[in-house]
Amino acid sequence: MPDSLEGREVILVGGSGGVGSASTELLAAAGARLIIGYRANESRAREFEKLGSVIKADITRPEDRSKLLDAAPELYGLVIFAGDPARAKSPEELESAMRQSIEVNYLGPILMAREAAGRMKQRGTPGAIVLISTMQAVALFPGSTPYAGAKAALLHTARILAKECRGPANIRVNVISPGVIDAGMAQASIASGKYDRYRDEGIVHRFGAPADVARAVRFFLEPDSYVTGQVLSVDGGLTL
Ligand SMILES: NC(=O)c1ccc[n+]([C@@H]2O[C@H](COP(=O)([O-])OP(=O)(O)OC[C@H]3O[C@@H](n4cnc5c(N)ncnc54)[C@H](OP(=O)(O)O)[C@@H]3O)[C@@H](O)[C@H]2O)c1
């Protein structure tokens, strides 16, 4: 199959997280050779050792980004789930939440993506990069300034990278903007009933699942794909 991921090297940053774990499982089932990065939750990450190499790396640190990239000398795919909800519970917390968010939701992922693209270009091999933004970067949700601002910057600069990489290099860069996914950082909010309205009023027919995002990830990674620079909302229609 021309679109087979069999044997392709793919780094999943945050691949053991709530949303990312389904992508790790789907890509492992497709035969990809996986490098799974985590920041702090070692026990959660070690559960994925049977699916690939597990590496502790904080992508806000240049040396950790290099460590991940060095572990994948034939890198084809990079998927970055790393993110921080960056909630400011009071106006006093706003500035520190914004600074933290810029680091984790924007600088780390976009620098990692650019460094990966640089190595792919240098090697002259095609590649596919997938970044994870959020519905909050696409639509306006009051109270989400720290999180949404950095995620919107990620989305925009990912598309600049896509434009820089188009052409013979054939390195594709795409973004997924998930809605309310019943996993990871959204679980507490879902449990609190914060998002019930969307389901009760018939705006979405259900909350999203990590597998919904995984299918979009796999689509963007297809080796013979002709898609780049796109933002795909996986939100059941919530932001329409
Ligand atoms: N859940 C949702 O409804 C939802 C909706 C829209 C967008 N998203 C986005 O989806 C992504 C995954 O979120 P999630 O809900 O799955 O949260 P999560 O369970 O907290 O997963 C985040 C993952 O990223 C890793 N990580 C965090 N900061 C990192 C860093 N600086 N360097 C390397 N890895 C880092 C974490 O490592 P550890 O395991 O070691 O902590 C974890 O594996 C995030 O970008 C989030 O913004 C989620």
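Both ligands and their constituent atoms are indexed starting at 1 by order of listing. Small disclaimer: the values here were computed from a predicted structure and weren't measured.
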Going by atom types alone, do Ser225 and Arg172 pair a side-chain donor with an acceptor below 3.5 Å? yes
So which atom in Ile171 and which in Thr125 form the shortest heavy-atom distance, rounded to 0.1 Å? CG1-O, 4.1 Å
For ligand 1, is there an N or O atom under 3.5 Å from any N or O atom of Val19? yes
For Ile36 versus Phe48, what's the shortest heavy-atom pair and its separation? CD1-O, 3.7 Å
Gly83 heavy atoms, cut-off 4.0 Å: which ligand 1 atoms fall inside? 27 (C), 44 (C), 45 (O)
Is it true that Glu63 and Lys67 have a side-chain N and a carboxylate O under 4.0 angstrom from each other? no
I'd like the name of whichever of Gly20, Ser16, Ser177, Ala82 reaches closest to atom 24 (O) of ligand 1 through any heavy atom. Ala82
Quick one: do the Ser4 and Glu6 side chains pair a donor with an acceptor below 3.5 Å? no
Should Arg65 and Asp70 count as an ion pair when the cut-off is N to O under 4.0 Å? no
From the list Leu27, Val130, Leu68, Ile35, side chain to side chain contact (heavy atoms under 4.5 Å, CB included) with Leu12 holds only for Leu27
For ligand 1, the portion of Ala183 having any non-hydrogen atom under 4.0 Å away: backbone
Out of Ala137, Ala57, Gly208, Ser43, whose heavy atom is nearest to atom 33 (C) of ligand 1? Ala57
Polar side-chain atom of Asp64 near backbone of Asp58 as donor-acceptor pair, under 3.5 Å: yes
Is there at least one pair of N or O atoms, one from Gly18 and one from ligand 1, spaced under 3.5 Å apart? yes
min-distance protein heavy atom vs atom 37 (O) of ligand 1 -> Arg39 N, 3.3 Å
Under 4.0 Å from a heavy atom of Ala186: which atoms of ligand 1 are those, numbered in the order shown and with their elements? 1 (N), 2 (C), 3 (O)
Residue Asn41 vicinity, atoms of ligand 1 by number, heavy atom under 4.0 Å: 38 (P), 39 (O), 40 (O)
Considering non-hydrogen atoms only, spot the tightest contact between Glu103 and Thr60 and give its length. O-CG2, 3.4 Å
How close does the nearest protein non-hydrogen atom get to atom 32 (N) of ligand 1, and which residue and atom is it? Ile59 N, 3.0 Å
Under-4.0 Å heavy-atom contact with ligand 1, by part of Ser133 that carries it: backbone
Identity and distance of the protein heavy atom lying nearest atom 21 (O) of ligand 1: Gly17 CA, 3.7 Å
Side chain Arg199, main chain Arg206, donor-acceptor under 3.5 Å: no
Minimum-distance protein heavy atom relative to atom 39 (O) of ligand 1: Arg44 NH2, 2.9 Å
Non-hydrogen atom of Gly179 closer than 4.0 Å to ligand 1: yes
Heteroatom proximity flag, Gly15 to ligand 1, N/O under 3.5 Å: no
Any donor and acceptor pair, going by atom type alone, linking the side chain of Ser192 with main-chain N or O of Ser189 inside 3.5 Å? yes
Any donor and acceptor pair, going by atom type alone, linking the side chain of Arg33 with main-chain N or O of Ala28 inside 3.5 Å? no
Check ligand 1 against Val104 and write out every atom of the ligand that is under 4.0 Å from a heavy-atom position of the residue. 28 (N)
Go through ligand 1 atom by atom and flag the ones less than 4.0 Å from a non-hydrogen atom of Ala40. 38 (P), 40 (O)
For Ile181, atoms of ligand 1 separated by under 4.0 Å from a heavy atom: 1 (N), 2 (C), 3 (O)
If you scan protein heavy atoms around atom 25 (C) of ligand 1, the nearest is Gly14 CA, 3.8 Å
Heavy-atom pair of closest approach, residues Thr24 and Leu51: CG2-CD1, 4.1 Å
Cationic N near anionic O, under 4.0 Å, Arg46 to Glu42: yes
Using a 4.0 Å cut-off to any heavy atom of Lys151, which atoms of ligand 1 qualify? 44 (C), 45 (O), 46 (C), 47 (O)
Interfacing atoms of ligand 1 (cut-off 4.0 Å, heavy-atom, Tyr38): 40 (O)
If you take all heavy atoms of Lys121 and Ala169, which pair is closest and at what distance? CG-CB, 4.3 Å
Using a plain distance cutoff, I'd like to know if Thr134 has any nitrogen or oxygen under 3.5 Å from a nitrogen or oxygen of ligand 1. no
heavy-atom search around atom 10 (O) of ligand 1 in the protein gives Ile132 CG2, 3.6 Å
Output yes when the distance from some N or O of ligand 1 to some N or O of Asp84 is under 3.5 Å, and no in every other case. no
Below 3.5 Å, N or O to N or O, backbone or side chain included: is there any such pair between Met185 and ligand 1? yes
State whether the shortest distance between N or O atoms of Phe81 and N or O atoms of ligand 1 falls below 3.5 angstrom. yes
We want to know whether Asp235 and Thr239 form a side-chain donor-acceptor pair, criterion being a heavy-atom distance below 3.5 angstrom. yes
Considering only protein heavy atoms, which is closest to atom 8 (N) of ligand 1, and at what distance to one decimal place? Tyr147 OH, 3.7 Å
Using a 3.5 Å cut-off on N or O atoms only, is Asp58 in polar contact with ligand 1? yes
What one should report as the nearest heavy-atom pair of Leu75 and Ala116 is CD2-CB, 3.9 Å
Heavy-atom contacts under 4.0 Å between Val13 and ligand 1: side chain, backbone, both, or neither? side chain
Check whether any side-chain N or O of Asn105 sits under 3.5 Å from a backbone N or O of Asp84 as a donor-acceptor pair, and report yes or no. yes
Test of understanding: given a 4.0 Å heavy-atom threshold, classify the contact between Glu42 and ligand 1 as side chain, backbone, both, or neither. neither
Is Pro178 close to ligand 1, meaning an N/O of one under 3.5 Å from an N/O of the other? no
